[in-house]
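First comes the structure, then the notes that go with it.
For clarity, every value in this text was computed on a predicted model and none was experimentally measured. In what follows, every chain begins at residue 1, and chains take the letters A, B, ... in the order their sequences are listed.
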Amino acid sequence: MQIQVNGEQREVPEGTTVRALVEQFNMKPEKVAIELNRRLVKSDRYDAPLKEGDQIEIVTFVGGGS
Amino acid sequence: MSIDRYHRQTLLPQIGTQGQERLRAASIVLIGCGALGTVIADQLVRAGIGKVRIVDRDIVELTNLQRQVLFTEADARDEIPKAIAAWKRLGAINSDVAIEPVVADVHAGNVEEIVGGASLVMDGTDNAQTRYLLNDACVKHSIPWVYGACVGVEGRTMLVRPGVTPCLRCIFPEPPAAGELPTCDTVGVLASAANIVASLQVVAAMKFLVGESSDSLITLNAWSAQIRSIDLTDARRADCPTCEARQFDFLDRPANHLVSLCGRNAVQVQPSSKRAASDSSLLAERLSSAGDVQTTPYFLRCTLRESAPLRLTIFPDGRTIVHGTNDPTRARAIYDRYIGS
């Protein structure tokens with residue numbers, strides 16, 4: 001199925017979860033924030049399957065500022 | 001005090017004279033006075049916040065001037081601590097505001113005292129550890145704080161209202177490991193990006209102070225001119241260790257006494273106990289046998305004769321920067337030998 005990740009179209013297998021998607025990018029779900037269709041996803045929803053056309057943004061932590 | 005100077009601000013329906021009074025009644029603690037912090041301090045002081053405490057551990061350097069808006073070449077040449085330089089500059093801009101400069105490193109042992117009594121805390125820090133520590137202290141004492149961060153051309157900001165909106169650990173449960181993230185010292189920072197993030201932080205602060213809140217996580221890419229606002233309604237985590245379980249892991253962790261200052265070839269050493277301020281003239285006398293000692297109103301500097309090119313900068317609270325090494329063990333040994341543990 002087609003979904004959008006960080007603004008780009010991607011083909012992922014049916015049943016792909018938020019957690020699996022984040023791990024595909026070599027990131028730990030505990031260290032990023034996930035936005036799904038403009039709402040923040042709580043971590044207890046990370047194992048729910050994504051749907052066709054979902055828009056996902058993986059938001060990394062930024063630590064600089066000096 | 002004449003309110004006329006705030007005329008262009010009180011004209012705004014979002015603020016008005018009532019909002020201006022609320023800004024005046026506020027007491028803000030700003031942690032970190034660098035790329036973000038100088039812009040935050042500048043805007044808060046011009047806006048007429050009642051009290052602003054500016055906390056920073058560093059001294060102005062020439063490479064700061066590309067983005068840190070309050071400092072001058074003279075501040076860098078004279079090695080003025082950033083909190084002092086900011087206080088002097090801002091005092092000349094708005095003498096209505098009570099500005100309190102604090103030259104100190106913020107750690108688990110002093111953070112609660114530093115943020116105590118604030119209506120709001122602003123994040124102008126430069127590292128993840130201090131932000132998680134601020135989150136702990138602010139949640140524990142129910143003080144709202146505005147997270148803001150910037151590196152390269154990207155930034156993030158979010159207002160945390162403890163018990164009401166998600167805290168930093170609700171959003172990013174696990175802090176990055178040391179060295180895991182790029183920093184301004186390793187990948188650089190676009191001054192414009194830092195200015196935008198800091199401005200968004202100040203907007204969040206002013207909205208909160210006048211009684212209006214927007215609960216969102218804002219992400220910025222300044223280069224591609226993209227700002228996204230992520231709705232945080234209902235985003236608090238039921239299993240958040242900080243704001244739900246009230247377990248303050250970062251406050252409870254013993255302070256790290258040795259911090260390697262990234263990209264600076266220097267190590268900061270914290271004394272294990274508080275040094276009395278009266279020690280400094282004795283210390284200067286003692287150090288004069290080991291090297292050339294220079295005394296300023298803000299610190300004592302010693303260029304060591306036998307361990308050239310090492311230099312020590314010793315602040316009144318005993319905190320010391322050992323310049324000329326990245327090795328914490330060597331820095332500790334030097335500290336113990338010349339200053340004492």
Checklist outcome for this item: residues 216-227 of chain B vs chain A, non-hydrogen distance cutoff under 4.5 Å, contacting residues -> L217(B), T219(B)

Checklist entry - Does CD belonging to E52(A) count more than 12 external heavy atoms closer than 6.0 Å? => result yes

Checklist entry - Counting heavy atoms not belonging to R89(B), are there more than 12 under 6.0 Å from its CZ? => result no

Please flag which part of [X] lies under 4.5 Å from any non-hydrogen atom of chain A: side chain, backbone, both or neither.
X	answer
P166(B)	neither
A194(B)	neither
D234(B)	both

Quick check on the structure: residues of [range] within a heavy-atom distance below 4.5 Å of chain B, by number.
range	answer
residues 27-35 of chain A	K28(A), E30(A), K31(A), V32(A), A33(A), E35(A)
residues 7-17 of chain A	none
residues 54-66 of chain A	E57(A), V59(A), T60(A), F61(A), V62(A), G63(A), G64(A), G65(A), S66(A)

Highest number of heavy-atom pairs under 4.5 Å with chain A: which of [options]?
options	result
A198(B), G32(B), P176(B), G34(B)	P176(B)
D239(B), V187(B), I171(B)	I171(B)
R169(B), Q129(B), E180(B)	E180(B)

Item to check | Trace of the side chain to side chain contact (heavy atoms under 4.5 Å, CB included) decision for D44(A) with R237(B) | outcome: CA-CA 9 Å; D44(A) 56 6; R237(B) 284 193 336 155; over 6 Å; no

Checklist outcome for this item: Value for CG (L40(A)) from CZ (R236(B)), rounded to nearest 0.5 Å, stands at 14.0 Å

Item to check | Shortest non-hydrogen separation from R39(A) to T233(B) and the atoms involved | outcome: NH2-O, 3.5 Å

Item to check | Taking every non-hydrogen atom, the tightest pair across R228(B) and R38(A) | outcome: NH1-NH1, 3.8 Å

